[in-house]
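What you see is a predicted model, and the numbers here were worked out from it, not measured in a lab. Both backbone and side-chain heavy atoms feed into the values below; hydrogens, waters and symmetry mates do not. Each chain gets a letter, A, B and so on, in the order its sequence line appears, and its residues count up from 1.
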2 protein chains.
Amino acid sequence: MESAEHDVKMRLLVAAKKLFSRQGFDGTTVRQICEEAGANVALVSYYFGGKDNMYRALFDMSFPESLLLEGEEAKQDPVKAIKLLIRKVIAYQANDPELVRLIQQESAQLTPRVAIVQKYLVPVWQMARDILEEGRHQGVFHFRSLDNTFLYVWGGILFPRDFGFFNPVIREPLPSTEEKIADVTRFVLGALGYNGDPEPETP
Amino acid sequence: MESAEHDVKMRLLVAAKKLFSRQGFDGTTVRQICEEAGANVALVSYYFGGKDNMYRALFDMSFPESLLLEGEEAKQDPVKAIKLLIRKVIAYQANDPELVRLIQQESAQLTPRVAIVQKYLVPVWQMARDILEEGRHQGVFHFRSLDNTFLYVWGGILFPRDFGFFNPVIREPLPSTEEKIADVTRFVLGALGYNGDPEPETP
DNA sequence: GTCTATATATCGATAGAC
DNA sequence: GTCTATCGATATATAGAC
């Protein structure tokens, strides 16, 4: 049955994403993944050809490539474009926080998996840089270094928020996605020296 | 000889920090650490009582606790205080990027080591929050949520810059520490809606 | 397609010689 | 204090039965 195969494959990927995001790739065993998925230990090799290939399959399944890169034509209006990018990234983060953790884990290491993550992220990074550069060209954004500004803006959008690490000092109830979008939009536009309306792009 | 013991112990810690920061804790073996340190495999257990305890000893050795928490009295001038904190964190980052990577790795996972990292970071986080709150109270910083603002500011200060992950899109030569301090200071003060002089705190 | 059983390697840790 | 040798546990991966 094809749907049964699909089920097990998908269950394995979902289990792997969950465990990798919590324990890291090296901190997670194939046995744990199979147990979490309710599948036999041999099926990771059978379906994916090993633990490493499973990680690649996980990104192929999860990464919201088309969502992030669509509407690139809006780049002519850099303020609108950066607001839209912030909205899309923050909203996706709320729906799939595990993938964001995987990205952050690899961003702090030099593993053989970095290239897999970069393959998906480079086009998005490039789009963000283009928006910033166009904004500077139009005189609405003000900054010295494009590299440094890109790193700061991207870090601000992506930095962990609900991951438990900061729980000891966090006091307020978790903000809604719309509140997060509004706050980050104001932060980023403020950091970019934008003098206009810092209201977030409407959904 | 006490200096000899100190040498080996220190060499092991330096090797562990190097390898953990590149490969992660779980991705690094005791054997690799000892080889890197030019020491025998048995000495990790002998000196530290195992790999886990070694991680704790590493933070005890490395974390710049007093550097970050000194001069807390300057909190009365929140602009000056946040500028000083930015300077200290960025400068320390430039001197010891490996420790920052360790922190980022754990911030993206839920490992038994998180508590060790938090023990050292919570006082610094609390200081940063106090500065932001005092700034809002004095009317020089403008933001809605203290939690969200703290996370954004801290993320902006700490986000990786020279870690290789972003190399595919980075074009400019690496900025000097003073340039990084100046840029991040402007970003953060801009994000906080500060209307005064965004010049960084002088060294 | 899914299972058990196992091959093979490597892990962290330590006993005991020196 | 440092070494070799090795223990026991556990890792990934796969051969072969069903």
In whole Å, what is the span from the CG atom of B:D26 to the P atom of C:dC11?
13 Å
Check the side chains of B:Q23 and A:T111 for a donor-acceptor pair under 3.5 angstrom, ignoring hydrogens and angles.
no
Students often get this wrong, so: under 4.0 angstrom with heavy atoms, is A:T29 touching a base, only sugar-phosphate, or nothing?
sugar-phosphate
Judged by each residue's nearest nucleotide on DNA chain D, which is more toward the 5′ side, A:T28 or B:G38?
B:G38
Taking D:dA11, D:dA5, C:dT4 as options, the one with an atom nearest any side-chain atom of A:N40 is C:dT4
Ignoring the backbone of A:A42, work out which of D:dC3, C:dA13, D:dT14 is nearest its side chain.
D:dT14
Over 60° means perpendicular and under 30° means parallel, so tell me whether B:F20 and B:Y55 are parallel, tilted or perpendicular.
tilted
What's the CG-C1' distance between B:L43 and D:dG1, to the nearest Å?
8 Å
Nearest-Å distance, CG (B:L12) to P (C:dA13)?
13 Å
Ignoring backbone atoms, establish whether A:Y46 has a side-chain N or O less than 4.0 Å from OP1 or OP2 of D:dT14.
no
Does A:K9 qualify as a cation-pi partner of A:Y46, given the criterion of NZ or CZ under 6.0 Å from the six-membered ring centre and within 45 degrees of its axis?
no
Any luck finding a side-chain donor-acceptor pair between B:S145 and A:E179 under 3.5 Å?
no
Mind calculating the distance between CG (B:N53) and P (C:dT14) to the nearest angstrom?
11 Å
Using whole Å, what does the distance between atom P of nucleotide C:dT10 and atom CD of B:Q23 come to?
15 Å
Please state how far atom CG in A:L19 lies from atom C1' in D:dA11, giving the value in whole angstrom units.
16 Å
Report the distance from atom OH of A:Y47 to atom C1' of D:dT14, rounded to the nearest whole Å.
16 Å
Just the rounded figure in Å: distance from P of D:dA11 to NZ of A:K51.
9 Å
